[in-house]
Number of protein chains: 2
Amino acid sequence: MDEQQARAWLGVAVAEARAGLGEGGIPIGAALYGPDGTLLGRGHNRRVQDGDPSMHAETAAFRAAGRQRSYRGTTMVTTLSPCWYCSGLVRQFGISRLVIGEATTFHGGHDWLAGHGVEVLVLEDPECVAVMRAFVKDNPELWNEDIGD
Amino acid sequence: MDEQQARAWLGVAVAEARAGLGEGGIPIGAALYGPDGTLLGRGHNRRVQDGDPSMHAETAAFRAAGRQRSYRGTTMVTTLSPCWYCSGLVRQFGISRLVIGEATTFHGGHDWLAGHGVEVLVLEDPECVAVMRAFVKDNPELWNEDIGD
């Protein structure tokens, strides 16, 4: 995976996270890219905004991409290591690559995915870490609710 | 888990699956029950109806239940063994029990969940098997799309 490309794509996911934060939501964003680099869908966590616990950033991006015949060659880009729910999404639909902004504030299922053939790149982006660290510090109950803790 | 109770709850999931079939959709239904037996949410696969690949039966029932502080003691009831996406949902949110209509036509992640402390009951209900078998036979492409095959 091209790291410069991955960092550019992460910028879209970060913009989604920031949009979510601006709406009073949980600042996690994601984007799904096609094999040719086309942006298929982007989105952010909508628990607070829509009262919808099923819309994590990754599921929101997946949903926005609409129906696809195959996910072979696609890349899921997310600001935060995916929880089991979103890791299961990546595995079930055969999404080929996973770009993660950071896995410092939360370590989800990305090792499991790597063990099942997904190409995983963890960027440990300082901006992603800072946004989540500040959010979790100020909103521990909301964050725990979002990950079922 | 009380098997008679589980079979009664499965009836609600089956009604959801049949409703989905009536709408021209994929006939998988689910329901989420609270620790005290309250129905928290119910739903069915909405890929065809809403053009939404993120709405599997289990995620639809989870969504319909709205925001919950905890899933401890809850039971997810589904007509079909949950795929990795929906298995990840059950694990991440700490849903305690899983009632499965059948795991004959599709074997998802329920063994993995049992290994992670989820109480799993597979009923192998003949009606659930018959509905899925007929659907997959008549709509192989749609079914494969729904599980990313």
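Residue numbering restarts at 1 for every chain, and letters A, B, ... go by the order of the sequence lines.
Side-chain heavy atoms closer than 4.5 Å link hydrophobic residues (I, L, V, M, F, W, Y) into clusters, and following such links, even through other members, never connects A/M76 to A/V14. Linking ILVMFWY side-chain heavy atoms closer than 4.5 Å, directly or via other members, places A/L98 and A/F106 in two distinct hydrophobic clusters. Following chains of ILVMFWY side-chain contacts shorter than 4.5 Å, one can reach B/W9 starting from B/M1, so the two form part of one hydrophobic cluster. At a threshold of 4.5 Å between side-chain heavy atoms, the hydrophobic network of Ile, Leu, Val, Met, Phe, Trp and Tyr places A/L113 and A/L32 in one connected group. In the hydrophobic cluster analysis, where Ile, Leu, Val, Met, Phe, Trp and Tyr join through side-chain heavy atoms closer than 4.5 angstrom, A/I28 is grouped together with A/V48.
Counting heavy atoms from C-beta outward, B/L142 and A/R67 have side chains that approach closer than 4.5 Å.
Taking 4.5 Å as the heavy-atom cut-off, none of the residues of residues 117-139 of chain A approach chain B. Proximity to chain B among residues 81-90 of chain A is limited to A/C83, A/W84, A/Y85, A/G88, A/L89, judged by heavy-atom separations below 4.5 angstrom.
Heavy-atom pairs under 4.5 Å with chain A were tallied for B/M55, B/R63, B/R47; the largest tally goes to B/R63. Per-residue heavy-atom pair counts under 4.5 Å with chain A were compared for B/G51, B/P53, B/G148, and the maximum is reached by B/P53. Chosen from A/N144, A/T59, A/I95, A/D52, the residue pairing most often with chain B at heavy-atom distances under 4.5 Å is A/D52.
Sorted by first and then second residue, the salt bridge (Lys or Arg N to Asp or Glu O under 4.0 Å) pairs involving residues 27-42 of chain A (not counting sequence neighbours) are A/E16-A/R42. Applying the ring pair (Phe, Tyr, Trp, His ring centres under 6.0 Å) rule to pairs touching residues 58-78 of chain B yields B/F62-B/Y71, B/F62-B/F93, B/Y71-B/F93, sequence neighbours excluded.
A/D50 does not touch chain B: none of its heavy atoms, backbone or side chain, sits under 4.5 Å away.
One finds the CG atom of A/D149 at 8.5 Å from the CZ atom of B/R69 (value rounded to the nearest 0.5 Å).
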